[in-house]
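For this chain, numbers begin at 1 and follow the sequence in order. Nothing here was measured: the structure is a model prediction, and the numbers come from that model.
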Amino acid sequence: MTNHWVDIKNADLVLIMGGNAAEAHPCGFKWVTEAKAHNKARLIVVDPRFNRSASVADVYAPIRAGTDIAFLGGVINYLLANDKIQRDYVIHYTDASFIVREDFAFNEGLYSGYDPDNRSYDKTSWEYEIGGDGFAHVDPTLAHPRCVLNLMKQHYSRYTPEMVERVCGTPKEKFQQICEMIGSTATPTRAMTIMYALGWTQHSVGSQMIRCGAMVQLLLGNIGVSGGGMNALRGHSNIQGLTDLGLLSNTLPGYISLPFDREQDYDKYVAMRAYRPLRPNQMSYWQNFSKFFVSLQKAWWGDAATAENHWAYDYLPKFDKLYDMLQVFDMMEHGEMNGYLAQGFNPLAAAPNKAKMTAALSKLKFLVIMDPLVTETSEFWRNYGVHNDVDSSKIQTEVIRLPVTCFAEEDGALVNSGRWLQWHWKGGEPPGEARTDIEIMAELFNRLRKLYQTEGGAFPDPIVNLSWPYIRPNKPTPEELAKEYSGRALTELVDPKNPTNVVRKRGEQLAGFGELRDDGSTASGCWIFCGAWGPAGNLMARRDNSDPTGIGQTLNWAWSWPANRRVLYNRASCDANGKPFNPERMLIAWNGKQWIGADTPDFKVDDDPTAGVGPFIMNQEGVARFFARGHMTEGPFPEHYEPFESPLGYNPLSRNEPRAVSNPAARIFKADREALGNVAQFPHVATTYRLTEHFHYWTKHVRLNAITQPEQFVEIGAALADELGIAAGDRVRVSSNRGHIEAVAVVTKRIRALNIDGKTVHTVGIPIHWGFTGLARPGYLANTLTPFVGDGNSQTPEFKAFLVKVEKIADASPASGQKT
């Protein structure tokens, strides 16, 4: 979230798209109801299903799964064509005036530089025009035909209301009504917030869907303001922490990127990330990259990380390709892995194409499961009849289960969607021999290190030299780890302007990332968390909910990264002179000497606004980007591409270019492309979703949850049910080119048949929560049906739009029921 849960109450308009907050985040949805009750906010829901969020919406619009960019592109076209933008914000705080290179081009769904053989782009032309001084050329008048704003107008001019209706199936009148409502927040005193979740991320163009939503918000001036923002609703309470701490295969903690194999030179690695400003007098805070990186290396390797060995840079792996989840399981299927450790992860259920996952796991020599519950992955080798029909005698994988505690049985910090680190205390002791993840990982590491110390190895240094300063080496405490990722001084730190002034004593916790240095004198395991456990102690444990402004800025409740800032980019809530756009919801303001207000300024506290430093201080430009340059895989502007399994088989926006039907730069392995289905065989669109009564695959182990939602079902629209002769309660088979599931049919009017480019398209909703373990009635894993392809940037699987065929099971006894 750029903002936070409580701040949603300050919105004048709420758009829920790519999520279903009322059902999937019912506690957080409270703040939407607060906005409606006390701020007279209106709620828009755009979703393939009329869900519980839609049931309390002021306006609901249906949309075909996977076409959100077409919808949002139409909104951008409306805002630009009707001058429904916050002009001062757009001119001063975005790259609208930046001039793009002359050789940049876009034609029939493809950008300049496309290499069809490698499904990738040479992104050289995706750049601003740079002068001899190294700065980007701009045109403040916005008259230049190649300035970003004009290129954006040209690009989205194709996204007319008629085209949106053809591609998305959203009635044109409904779409125009929503555009007018969204456009009403272009004034400085009104704000819209966008709430999204896996309904946007789990697509082959998911990252670009999110970017497109952010572009809408930037046009309206809704980023950095109270009641605005792009607010990702995380799947559970610590998914935010997963990404913050670098658990993705190509990142390190604090969103520091892992080196490529070609980056063996430390100085070049740093230079590529310590971005210099692209305009005069801009901050480009990533210029401090070396401070963040060196402090991380010192936290990991202590005295072994020195200036002479480039802070142990050679200890880091250098990746030749992405080793994301899809890549790893493809390698596993090809026999290129011996073992796998699944820690708090159920990949047989969470990764696409169950048949491929089963085949991959079956080729391992060993599989280690760290989980408090029995999972489908831990039981993948066992025959459970139709729900997991395997020949156990042919699976040689040795499966080892290590029972761990659950979150309620341990102390520590969770990071919620709003970036709040909140310390929690355990509510009870774990049963049996269960241990914490920390204990298991610590003992595993210490045993491995002892083997390296006694037996050696090809390159033992990163293992044997790892800093392990915990009082009990096999049982580090959460408090020790929290202090480590927050950061401390390794030597006395003096004020660079006054060397006689010691600002931090040796061993003292740091107050924030501004104190980090690249000379080896500081250590911090995650620079964005620096200050969470500061000189005053554990700020994550604070529980003061006082709110003097009344807008939900409870700065003494827990601690928010970075720097306890609750609304990112909050400098953009003020005009060029530092005066709040909306004084009634003031976050910060310039008082003539410094920035003050209800939030930690996302800015240098004493920087005079008349100096012209932009509010988006992490960007080289100092402003937000409409034009992503080379940072996205498939293009600098989001473009509509069909899901890899499309009910049309062509892209209505690029009908004459077969290479642009689906994301032309998304990676897909050859065998998985061959496993894709077509609309002739599988005529219905499927999408997966979550239920309030269940949490992922956990709560089917809980009797009360199993009672409230005991049996697997699929949701089909009344029109499709009539067409297929299916009544509520009948059993149906839903099949894709990768397998089939059988479940009870819930026949509903909540899913409408859509007219897509003159063709009727039906959608099927498939809840994800069933499997063959737990107390609920056994069911099929929903990912039995899903294709093995992911987003072009994050590789998140495309679970939200794929092709299936629905059939009534003729020999099943129909149950009575009414259409709902």
Side-chain angles (χ1 to χ4, degrees), residues 24 198 201-202 234-239 241-243 247-249 324-330 332-333 337 339-364 366-384 387-388 390 395 397-408 434 437 440-441 688-691 693-702 705-706 709 712 738-739 741 766-786 788 790 795-799:
L198 297 175
T201 57
Q202 291 182 338
R234 295 300 199 161
H236 60 80
S237 57
N238 212 26
I239 288 297
L242 178 150
T243 52
L247 269 74
L248 300 178
S249 63
D324 55 275
M325 178 177 68
L326 300 185
Q327 182 80 255
V328 162
F329 284 103
D330 189 73
M332 194 184 296
E333 188 192 30
M337 294 186 70
Y340 189 79
L341 194 159
Q343 182 182 11
F345 184 36
N346 188 6
L348 187 72
N353 191 346
K354 175 180 178 281
K356 177 170 181 171
M357 295 299 298
T358 301
L361 293 169
S362 299
K363 293 185 179 179
L364 291 173
F366 67 90
L367 171 65
V368 180
I369 308 293
M370 292 174 57
D371 207 282
L373 302 169
V374 174
T375 68
E376 279 75 16
T377 303
S378 68
E379 297 287 284
F380 87 94
W381 54 274
R382 194 190 301 272
N383 190 295
Y384 278 83
H387 300 116
N388 195 53
V390 298
I395 298 175
T397 308
E398 183 171 359
V399 180
I400 302 163
R401 283 191 58 218
L402 301 178
V404 301
T405 55
C406 74
F407 63 90
D437 291 79
I440 293 174
M441 296 303 289
T688 62
Y689 62 92
R690 286 152 177 76
L691 304 169
E693 295 82 2
H694 278 299
F695 177 79
H696 292 272
Y697 307 98
W698 288 15
T699 53
K700 56 188 172 66
H701 293 268
V702 180
N705 296 80
Q709 285 283 10
Q712 186 170 25
R738 292 157 294 277
I741 69 172
I766 303 174
I768 69 163
H769 304 287
W770 276 269
F772 48 86
T773 67
L775 295 176
R777 294 175 189 170
Y780 294 80
L781 290 171
N783 68 335
T784 301
L785 305 172
T786 55
F788 202 87
Q795 310 306 323
T796 303
E798 187 158 59
F799 287 135

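Remark: Glu376 engages Lys700 in a salt bridge, criterion side-chain N to carboxylate O under 4.0 Å. A salt bridge links Lys356 with Glu333; the closest basic N to acidic carboxylate O contact falls under 4.0 Å.
Of the listed residues (Thr397, Thr377, Val399, Ile395), just one forms a side-chain contact (heavy atoms from CB on, under 4.5 Å) with Leu361, and that residue is Thr377.
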> Could you go step by step and tell me if Asn388 and Glu379 meet the side-chain contact (heavy atoms from CB on, under 4.5 Å) rule?
Replying inline: CA-CA 9 Å; Asn388 195 53; Glu379 297 287 284; over 6 Å; no
> How far apart are the C-alpha atoms of Leu348 and Lys354, what are their side-chain angles, what is the distance that settles it, and do they pass the side-chain contact (heavy atoms from CB on, under 4.5 Å) test?
Replying inline: CA-CA 6 Å; Leu348 187 72; Lys354 175 180 178 281; 4.3 Å; yes
> How far apart are the C-alpha atoms of Leu402 and Gln343, what are their side-chain angles, what is the distance that settles it, and do they pass the side-chain contact (heavy atoms from CB on, under 4.5 Å) test?
Replying inline: CA-CA 9 Å; Leu402 301 178; Gln343 182 182 11; over 6 Å; no
> Under the side-chain contact (heavy atoms from CB on, under 4.5 Å) criterion, do Leu781 and Phe772 qualify, and how do the steps go?
Replying inline: CA-CA 8 Å; Leu781 290 171; Phe772 48 86; 4.1 Å; yes
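The two residues Phe345 and Met325 have their closest heavy-atom pair at CZ-SD, 3.5 Å. Scanning both residues, His769 and Arg690, for their nearest heavy atoms gives NE2-CA, 3.4 Å. Across all their heavy atoms, Val390 and Asn383 have their closest contact at O-ND2, 2.7 Å. The two residues Leu326 and Pro797 come nearest to each other via the heavy atoms CD2-CG, 4.2 Å. Contact record, Pro403 with Arg401: CD-O, 3.6 Å, taken as the closest heavy-atom pair. Across all non-hydrogen atoms, the minimal contact from Met357 to Pro352 is CG-O, 3.5 Å.
Aromatic ring centroids of Trp770 and His694 lie under 6.0 Å apart. In summary, the aromatic rings of Phe329 and Tyr340 are positioned with their centroids under 6.0 Å apart.
Atom OG of Ser378 sits about 13.5 Å away from atom CE of Met370, to the nearest 0.5 Å. With rounding to the nearest 0.5 angstrom, the CD atom of Glu798 is 10.5 Å from the OG1 atom of Thr688. A distance of 4.5 Å separates CG in Leu242 from CG in Leu247, rounded to the nearest 0.5 Å.
Asn346 contributes no side-chain N or O that, together with a main-chain N or O of Thr375, makes up a donor-acceptor pair within less than 3.5 Å. Judged by distance alone, with hydrogens and angles left aside, the side-chain atoms of Asn783 form no donor-acceptor pair with the main-chain N or O of Thr786 at under 3.5 Å. Looking only at distances, no side-chain donor or acceptor of His387 sits under 3.5 Å from a matching main-chain atom of Gly771. Distance alone, capped at 3.5 Å, places no donor-acceptor pair between the His701 side chain and the Ala706 backbone. Judged purely by atom type and a 3.5 angstrom limit, Thr699 has no side-chain atom pairing as donor or acceptor with the backbone of Asn705. The closest donor-acceptor contact from the side chain of Asn353 to the backbone of Phe788 lies at 3.5 Å or more, if one exists at all.
Taking 4.5 Å as the limit, every side-chain heavy atom of Tyr697 sits out of range of all side-chain heavy atoms of Leu373. The closest side-chain heavy-atom distance from Thr784 to Arg738 is not below 4.5 Å. In this structure, Phe380 and Leu367 have side chains that are in contact, with non-hydrogen atoms separated by less than 4.5 Å. Proximity of Pro767 to Tyr689: side-chain heavy atoms (C-beta onward) are separated by under 4.5 Å at one or more points.
The closest side-chain donor-acceptor pair between Arg234 and Thr243 falls under 3.5 angstrom.
Within 6.0 Å of atom CD in Glu398, 12 or fewer heavy atoms from other residues, nucleotides or ligands are found, so the atom counts as exposed in its surroundings.
Under the 30°/60° scheme for interplanar angles, the aromatic rings of Phe407 and Trp698 are found to lie parallel.
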